[in-house]
> 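Before anything else, here's the structure in question.
Sequence positions, counted from 1, serve as the residue numbers for this chain. Because the structure is a prediction, the values reported are computed rather than measured. Scope of the values below: all heavy atoms of this structure, side chains included, with no hydrogens, waters or symmetry mates.
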Amino acid sequence: MNGRADFREPNAEVPRPIPHIGPDYIPTEEERRVFAECNDESFWFRSVPLAATSMLITQGLISKGILSSHPKYGSIPKLILACIMGYFAGKLSYVKTCQEKFKKLENSPLGEALRSGQARRSSPPGHYYQKSKYDSSVSGQSSFVTSPAADNIEMLPHYEPIPFSSSMNES
């Protein structure tokens with residue numbers, strides 16, 4: 001015995017290490033299938049409808065005179081911008097749905113990383129939170145946990161904000 005008491009529960013599960021998912025990660029066949037499915041669904045069910053809707057709204061606003069058309073190119077530049085913004089808004093709106101699909105995969109390192117990453121992001125970085133005493137997955141650790149980024153930062157002094165003044169002579 002090394003002088004330390006072991007407070008782990010005898011039948012507690014030992015958490016598996018989080019797989020390293022980096023730029024050199026090669027997805028499995030099942031993950032590739034889900035990537036393709038997410039790409040198709042986000043395009044057809046989110047990007048195309050949002051791009052078309054934003055273009056219709058933009059054209060309506062130009063027709064009513066609320067937005068002005070370009071003297072040389074007409075409404076085309078604003079419609080292209082609305083289409084691009086709708087496309088990316090559709091892609092971004094599907095991210096959470098796609099993450100849930102990856103979390104449901106059984107033998108996926110990417111799904112495992114997403115599932116375990118969700119627990120770490122439950123509190124903002126640099127903030128302390130107290131685990132429940134009934135949480136068996138963290139037994140043997142301290143009850144106060146911080147994010148990894150907060151471990152390397154010293155405690156900074158707290159300063160009160162300075163009120164904003166729009167006038168230069170009130171300093």
> Rounded to the nearest 0.5 Å, what separation is found between the CG atom of Leu56 and the CG atom of Leu79?
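The CG atom of Leu79 is 9.0 Å from CG of Leu56, to the nearest 0.5 Å.
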> To the nearest 0.5 Å, tell me how far Arg46 CZ sits from Thr97 OG1.
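If we round to the nearest 0.5 Å, Arg46:CZ and Thr97:OG1 are 4.5 Å apart.
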> Do other residues, nucleotides or ligands put more than 12 heavy atoms under 6.0 Å from the CG atom of Asn107?
no
> Between the side chains of Lys91 and Ser42, does any donor sit under 3.5 Å from an acceptor?
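On atom types as modelled, these side chains qualify, holding a pair under 3.5 Å.
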> Could you please spell out the steps behind the side-chain contact (heavy atoms from CB on, under 4.5 Å) verdict for Arg32 and Ile26?
CA-CA 9 Å; Arg32 286 184 189 151; Ile26 299 171; 3.5 Å; yes
> Report whether Ile57 and Tyr87 are members of the same hydrophobic cluster (ILVMFWY, side-chain heavy atoms less than 4.5 Å apart, transitive linking).
no
> I'd like to know if Ile62 and Leu81 are part of one continuous hydrophobic network [Ile/Leu/Val/Met/Phe/Trp/Tyr, side-chain heavy atoms within less than 4.5 Å].
no
> Check whether any side-chain heavy atom of Leu110 sits under 4.5 Å from a side-chain heavy atom of Phe35, and report yes or no.
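They are in contact (side-chain heavy atoms under 4.5 Å apart), so the answer is yes.
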> Heavy-atom distance under 4.5 Å between the side chains of Phe43 and Val48, does that happen here?
yes
> Just to verify, which of Lys104, Glu100, Lys103 counts as forming a side chain to side chain contact (heavy atoms under 4.5 Å, CB included) with Leu114?
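Only match with Leu114 under side chain to side chain contact (heavy atoms under 4.5 Å, CB included): Lys103.
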> Do you know the tightest heavy-atom contact between Ser54 and Gly86?
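Minimum heavy-atom contact is OG-CA, 4.0 Å.
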> Trp44, Ile84: one ILVMFWY side-chain cluster at the under-4.5 Å cut-off?
yes
> Between Phe45 and Tyr94, is the ring centre distance below 6.0 Å?
no
> Show your working on salt bridge (Lys or Arg N to Asp or Glu O under 4.0 Å) between Glu31 and Lys101 and close with a plain yes or no.
CA-CA 10 Å; Glu31 290 171 343; Lys101 287 184 179 196; over 6 Å; no
> Find the distance between CG (Leu50) and OG (Ser93) and round it off to the nearest 0.5 Å.
6.0 Å
> Is there a path from Ile76 to Leu61 through hydrophobic residues (I, L, V, M, F, W, Y) whose side chains come within less than 4.5 Å of each other?
no
> Have Gln59 and Ser75 got a donor and an acceptor in their side chains that come within less than 3.5 Å?
yes
